[in-house]
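Side-chain atoms are counted along with the backbone in the values below, which use heavy atoms only and exclude waters and symmetry mates. All chains are named by letter (A, B, ...) in the order of the sequence lines, taking the proteins before the strands, and each is independently numbered beginning at 1.
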There are 2 protein chains.
Amino acid sequence: MMSPAAQRWARTGVAVARVTIRDVADLAGVSTATVSRALSGAKPVSPPVLEQVTRAAADLGYSGNGIASALRRSRTDTVGMVVPSIANPFFTALVESVEHALQAAGLQLFLCSSRSDPALEAQRLRSLVARQVDGIVISPAHGTASADAVAWAAGQLPLVQVDRYVGGMSSDWVGVDDDAALRLVLEHLAGRGARSAVFVSSTMTNSSTELRVAGFTTHAARLGIAVPDVLLGDYSIDWGREATGRLLAAGDLPDAVVCADDLIALGVLQTCAEAGVVVPRDVLVTGFDDIPYSALSNPPLTTVHQPQDQIAVEAVRLLSAALEDPTGIPARHALTPSLVVRASTSR
Amino acid sequence: MMSPAAQRWARTGVAVARVTIRDVADLAGVSTATVSRALSGAKPVSPPVLEQVTRAAADLGYSGNGIASALRRSRTDTVGMVVPSIANPFFTALVESVEHALQAAGLQLFLCSSRSDPALEAQRLRSLVARQVDGIVISPAHGTASADAVAWAAGQLPLVQVDRYVGGMSSDWVGVDDDAALRLVLEHLAGRGARSAVFVSSTMTNSSTELRVAGFTTHAARLGIAVPDVLLGDYSIDWGREATGRLLAAGDLPDAVVCADDLIALGVLQTCAEAGVVVPRDVLVTGFDDIPYSALSNPPLTTVHQPQDQIAVEAVRLLSAALEDPTGIPARHALTPSLVVRASTSR
DNA sequence: CACAACGAGGCAATCGATTACATGGATGGT
DNA sequence: ACCATCCATGTAATCGATTGCCTCGTTGTG
C-alpha cells in the first residue's frame, strides 16, 4: 500500500521546487546552521529544537542536497569502481563483495565498465576524478595501455587495484597468487596422468594474464608436461569455443586444456560436447575464477577458486587506510587461491 | 609506457592541492568566466585566448570539479539505476545495455543494488535523490513494499521502471509481455505432449512475477494442462534445487516444470541430473530470460528470450524525454518476447 | 564623422550546505 | 556576588564553477 504522502507525490508528477535547508530553517524558526547541526548530529542541539527541526524536515520531505554538501566538505562518501566487464560473473561477484564491504564503511559505490577498452577506461577515470569520488577501485583493462590513466588517477586520489595491476607504478593492489594457482592446477593434472597440456588464455595484456601464462609454462616444465600450444584470444565463452575448434581441426588433442578463466573453459566444454569429445575421458579441462555457473556445466568444471570476498574486504581496508592517511606506503596482497576439483578432471 | 607527466604523478603519491579554475585563470591571465567558457564552449572566445586557456589547463592537469559544476547547473549528467541483484545475469545484461544506451546520450550510470530488500532499496533511492542524479531507472524489488519509495522518488525526478513495476502509481515502464511469454511456453509444451505442469517461481511480490503466475495459470487452463502445484521461493539456483527436491520427494513428476527465471531452471536441471531424472525424456523444463548460461547447461535450456537491448534503449528514450519535458504522460511499453527452443524440451 | 550593433571578456551573484567564529545566556566555583 | 566557563545558536565566509549583466573596444552603416 502507498502512504498518503507518497500518493500525493505520485499524483503531482515531477517535483515542484526542491526543498532546501533554508526552507526547513524557516519552518522550524531557526538558522540553517542549526538545521545542519540537528540533522547531521555534528554538534548537539537542544531537544526541543531537535524536535522542531526533525518535524519540519519530515513535513517538507527534505532530503538534502548531497552535491552542495559534497562541495563544502570536499567529500562525497562515494568510491568509484572500474571493471573491464560487468557481464563477467567473476567481476560482478567482485563488485557485489566490494559494495558490501563499502557499505560497512558508510560508502556508496559508483560502478563503471571499461569494456576492456583503455580509452574508455581513461574517460571513466577522468569522469570519476571530476566527480570527486573519495577513492577508486580498479581492475585495469590493460597492463601497459592503462598505465598512464591509472597512474594519473592514483596521483589525484587514493586508488587500489584489484585482481590485475598495471606495470611501472606502485599503488595498493589485492589479488590472487597466480603462480600458486597454476601450480595447483598443473600438479593436479599431473596427478591425473596428464603428459601434455595447452593453455587457452587472453592476449597477454595485463598482469594476471601474464602471470598465469608464466605460471603455466614454468610449472608445466617443472612437472615434465609438454606444452604443444598456447592460444590467446579474450576472456569469453566464444573464444573458448573458437580455440577448441582450432585444437580439433589441428588433429590430436592434448591430455589437458587449461583455461585462464571459467568463461573460456565453459566454451571449451560446450564445443567438446558438440564434437563428441568426452570430458574428462578424452581430455581434462580446467577453468579459473570459480564462477557460479562452473558448477552447472556439463560436466561440472574443475577450477581455481578466487576468494573475492577477501579481495574485496582487503581492498576496502586499504582504501579506507589511504583515505585516512594518503601518504601511506603502497601494499600488495597476493591471496592464496584454492583448487575446486569437479568432474571435468576426475572420474 | 607511461608518459613523463604520469610518472611524476605516480612518484608524487597522492595529490597536492587540487587545481581549480582559478589557477587556470591566473596562469592564462584571464578571468574564471573566460576559462569556463573556453573549456565548455558555452560561448565563443577568441582563438588566442582559447589557446592560452587550453594550454594552461593542460599544463596544470586541470580536470574540473564536477561537484561544483553540478551544484551550479543543478544537473549531474548522471542517472541512477537500482536493480534487485547484480549477481543475476539478466540484470547485469540489462545494466550493460542501459549503460550503453546512456553513453550515446552523454550520461553516466550510477549503479545500486537493492539486494531485493525494499528497505535497502528505499535507502538507495534517497541516496540517489540526494546526489541529484538527473533521473532513475529502477527494477523494483517488491510490488507493494517498494511502492512508497518509488512513488516518492518519481515525485522528485524523472523515473522509469524496467522489467517490473510497482502497483498503485503511474510512471514510465518498459518490460516484456509476461502473459504472451507464458502463452508461448505453454503452447510449446502442449505441442510436446505435456498434460501437466508445475510452475516454480518466486513468492509473488512483484508485477512480473504475478503476471507470470497468472499467465501460467490461464494458459494452462486454456490448453487443458493440469497444474498439480505452484512452488514459490526466490529467483536463485538454490531455490530451483530445493523445489526439485520437493517434487521428487512428493512422488511422481509432472510432464513439465516451468520456471519463472533461468536461475531457477538451472537449479532444477542440476538436481534432476543428480537424481538420475533425464531431461527432456522424463520431464520437460523451461526457463525465462535467456541468460548466456542457459545455452550451456546440461541439457541446454529452452527459455523465453527477453529483448534487453530494446528494453534499455526504450527506457533511456523515455528518460531523456522526461528530462526534456517532465510533464509528459507516463508510457507503458510491453515488448514482445520470443521462445528459444533448446534440448530441455526437445532433443 | 557619428552612432548603432556586436562580440569578447570581466565582475559578481549564485547554487545549497557546512563550519569557524562571534554572541549571549546560563551555570558553577570561590 | 562576581567572574570564568560552557553550551546552544546565529552570522557569514566558504567550497568551485557557471552565467546574467555590464563594459569596452571594434566594426559597420547612414
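- Taken from SG in A/Cys112 to CG in A/Leu128, the straight-line distance is 4.5 Å, to the nearest 0.5 Å.
- Where B/Pro48 and B/Leu71 meet DNA chain C, the nucleotide closest to each residue was compared, and B/Pro48 sits on the side nearer the 5' end.
- Of the residues A/Thr76, A/Asn65, A/Asp77, A/Thr78, the one that meets the side-chain hydrogen bond (donor to acceptor under 3.5 Å, both in side chains) test with B/Arg131 is A/Thr78.
- A donor and an acceptor atom sit less than 3.5 Å apart, one in the side chain of B/Arg37 and one in the base of C/dG10.
- Other residues, nucleotides and ligands contribute over 12 non-hydrogen atoms within 6.0 Å of the NE2 atom of B/His333.
- Residue B/Gln132 contributes atom CD, which lies 18 Å from atom P of D/dA17 at whole-angstrom precision.
- The residue A/Val49 sits close only to the backbone: its heavy atoms come under 4.0 Å of sugar-phosphate atoms, none of a base.
- When each of C/dT18, D/dT18, D/dA8 is scored by its nearest atom to the side-chain atoms of A/Ser46, the top-ranked nucleotide is D/dA8.
- Within 4.0 Å of A/Gly66, counting heavy atoms only, lies no atom of the nucleic acid at all.
- Across all strands shown, A/Ser31 has heavy atoms under 4.0 Å from base atoms, whether or not it also approaches the sugar-phosphate.
- For a distance-only test at 3.5 Å, the side chain of B/Arg72 qualifies as a donor-acceptor partner of the base of C/dT14.
- Checked against D/dT18, C/dA17, C/dG10, the side chain of B/Ser69 finds its nearest nucleotide in D/dT18.
- Minimum heavy-atom separation, B/Leu319 to B/Ile136: CD1-O, 3.9 Å.
- Between C/dG10, C/dA17, D/dA17, one nucleotide has an atom nearer to the side chain of B/Val30 than all others, and that is C/dG10.
- The base of C/dG16 has none of its N or O atoms less than 3.5 Å from a complementary donor or acceptor on the side chain of A/Arg18.
- The separation between A/Lys43 atom NZ and C/dA22 atom P is 13 Å, rounded to whole Å.
- With D/dT19, C/dA17, D/dC15 as the choices, the nucleotide that has an atom nearest any side-chain atom of A/Ile21 turns out to be C/dA17.
- Under the 4.5 Å side-chain criterion, counting only non-hydrogen atoms from C-beta, B/Trp152 is in contact with B/Val129.
- Counting only heavy atoms from C-beta on, B/Ser36 has its side chain closest to D/dT19 among D/dT19, C/dG9, C/dT18.
- Each of D/dA17, D/dT11, C/dG16 was ranked by its minimum atom distance to the side chain of B/Asn65; first place goes to D/dA17.
- Side chain of A/Ala68, nearest nucleotide from C/dG16, C/dG9, C/dT19: C/dG16.
- Distance from the side chain of A/Pro44 is smallest for D/dA8 among the nucleotides D/dA8, D/dG16, C/dG10.
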